[in-house]
Amino acid sequence: MNSEEILILKQALANTSNIVIVGHKNPDGDAIGSCLGLANFLKQLEHQVTVVMPNDFPEFLKWIPETQTIINYEQHRDNVKNCLSEANLVFTLDFNALNRTGDLAQELMATKADFILIDHHQEPDDYALVTYSDVGMSSTSEMVYHFIEFMGGLNLLNKEIATQLYVGIMTDTGSFRFPATTAATHRVIAHLIEAGAPNSIIHQNVYDTNSP
Ligand SMILES: [Mn+2]
């Protein structure tokens with residue numbers, strides 16, 4: 001993000017009480033981790049935050065802290081509709097077009113809230129007030145770390161955020177094997193471990209106890 005975008009974001013957040021954060025349909029570790037990590041950070045800034053997923057997600061991700069706060073649109077359509085009608089700001093994470101949310105897209109198109117897009121996929125659609133797009137990033141979770149950094153909030157990293165973002169980066173990089181894994185990715189990971197992410201246990205929880 002450039003300094004102008006950071007300023008727009010800070011102003012948008014200053015004028016916002018209700019925030020909804022949305023991941024893509026069939027959410028994976030990066031969608032869940034990035035949305036929950038961002039939500040935890042924004043809640044510490046005294047915002048009212050709701051995380052919505054278009055549908056359910058796999059059992060091997062359900063141990064992640066704060067997954068019980070996620071609202072499943074398929075099961076709670078009216079609840080999600082209400083949240084979106086009260087929202088001033090909607091963050092869309094880990095996807096590049098609203099139709100990646102399935103049926104939820106129609107509700108997103110109806111909201112009057114401004115959108116903030118954070119994503120690492122190619123060619124994002126142009127629907128957001130701020131589009132934070134970087135195809136060189138390993139994961140949206142790595143981008144959420146940098147988003148928190150841009151907002152001057154790294155002092156608010158806690159064990160939960162560290163764990164959530166670690167899961168997202170780990171799963172989207174195939175445990176740090178894929179080419180998008182950079183030295184910068186490892187610096188972020190190092191900081192997440194320092195902030196309390198139980199790295200070895202996270203690998204066990206995702207890969208050893210259940211098959212993804
Ligand atoms: Mn991703």
Side-chain angles (χ1 to χ4, degrees), residues 1 20-42 49 51-67 70 72-73 90-102 104-105 108 115-128 130-150 157 160-192 197 199 202-203 205-207 210-212:
M1 279 195 291
V20 173
I21 303 175
V22 181
H24 54 77
K25 194 170 179 185
N26 303 324
D28 56 9
D30 190 28
I32 299 289
S34 62
C35 288
L36 289 174
L38 178 63
N40 187 306
F41 170 68
L42 293 172
V49 186
V51 175
V52 173
M53 292 295 155
N55 60 349
D56 202 7
F57 53 95
E59 284 301 319
F60 70 88
L61 299 174
K62 293 208 169 156
W63 63 270
I64 298 169
E66 296 160 346
T67 46
I70 294 173
N72 176 344
Y73 173 67
V90 176
F91 283 78
T92 64
L93 264 57
D94 201 37
F95 63 88
N96 54 5
L98 293 180
N99 63 19
R100 301 285 160 128
T101 64
L104 177 55
L108 293 173
F115 286 96
I116 309 294
L117 177 154
I118 304 178
D119 184 39
H120 65 129
H121 296 97
Q122 309 270 350
E123 298 176 8
D125 276 359
D126 185 18
Y127 59 82
V130 174
T131 298
Y132 176 28
S133 160
D134 188 342
V135 297
M137 282 281 164
S138 71
S139 55
T140 299
S141 295
E142 185 176 348
M143 297 177 76
V144 166
Y145 175 93
H146 293 301
F147 172 89
I148 293 172
E149 190 175 29
F150 289 135
L157 271 191
E160 288 70 35
I161 297 178
T163 302
Q164 290 151 348
L165 298 184
Y166 190 103
V167 173
I169 297 171
M170 180 191 80
T171 53
D172 254 28
T173 58
S175 297
F176 320 112
R177 282 179 291 136
F178 301 155
T181 313
T182 62
T185 309
H186 282 287
R187 274 184 219 111
V188 169
I189 282 293
H191 192 188
L192 296 179
N199 54 314
I202 293 173
H203 285 260
N205 285 352
V206 172
Y207 295 117
N210 298 283
S211 55

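All ligand and atom numbering here is 1-based and tracks the order in the structure.
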Evaluate the criterion ring-ring contact (aromatic ring centres under 6.0 Å, His included) for residue pair His191 and Tyr145; output intermediate values, then yes/no.
CA-CA 10 Å; His191 192 188; Tyr145 175 93; 5.6 Å; yes
Residue and atom names of protein N/O/S atoms that fall under 2.8 Å from the Mn ion (ligand 1):
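For the Mn ion (ligand 1), the protein N, O and S atoms that sit under 2.8 Å away are Asp30 OD2, Asp94 OD1, His120 NE2, Asp172 OD2.
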With under 30° as parallel and over 60° as perpendicular, where do the rings of His186 and Phe176 fit, or are they tilted in between?
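Ring orientation of His186 relative to Phe176: tilted.
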Salt bridge (Lys or Arg N to Asp or Glu O under 4.0 Å) partners of Asp56, counting only residues at least two apart:
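Partners of Asp56 by the salt bridge (Lys or Arg N to Asp or Glu O under 4.0 Å) criterion, ordered by chain and then number, come out as Lys62.
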Could you check whether Ser141 and Asp30, counting side-chain N and O atoms only, form a donor-acceptor pair closer than 3.5 Å?
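Yes, a side-chain donor-acceptor pair sits under 3.5 Å.
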Is it the case that the side chains of Asn40 and Glu66 hold a donor-acceptor pair, with the cut-off being a distance below 3.5 Å and no angle test?
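A donor-acceptor contact under 3.5 Å links the two side chains.
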For Met137, is there any backbone N or O sitting under 3.5 Å from a side-chain donor or acceptor partner on His120?
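At least one qualifying donor-acceptor pair exists.
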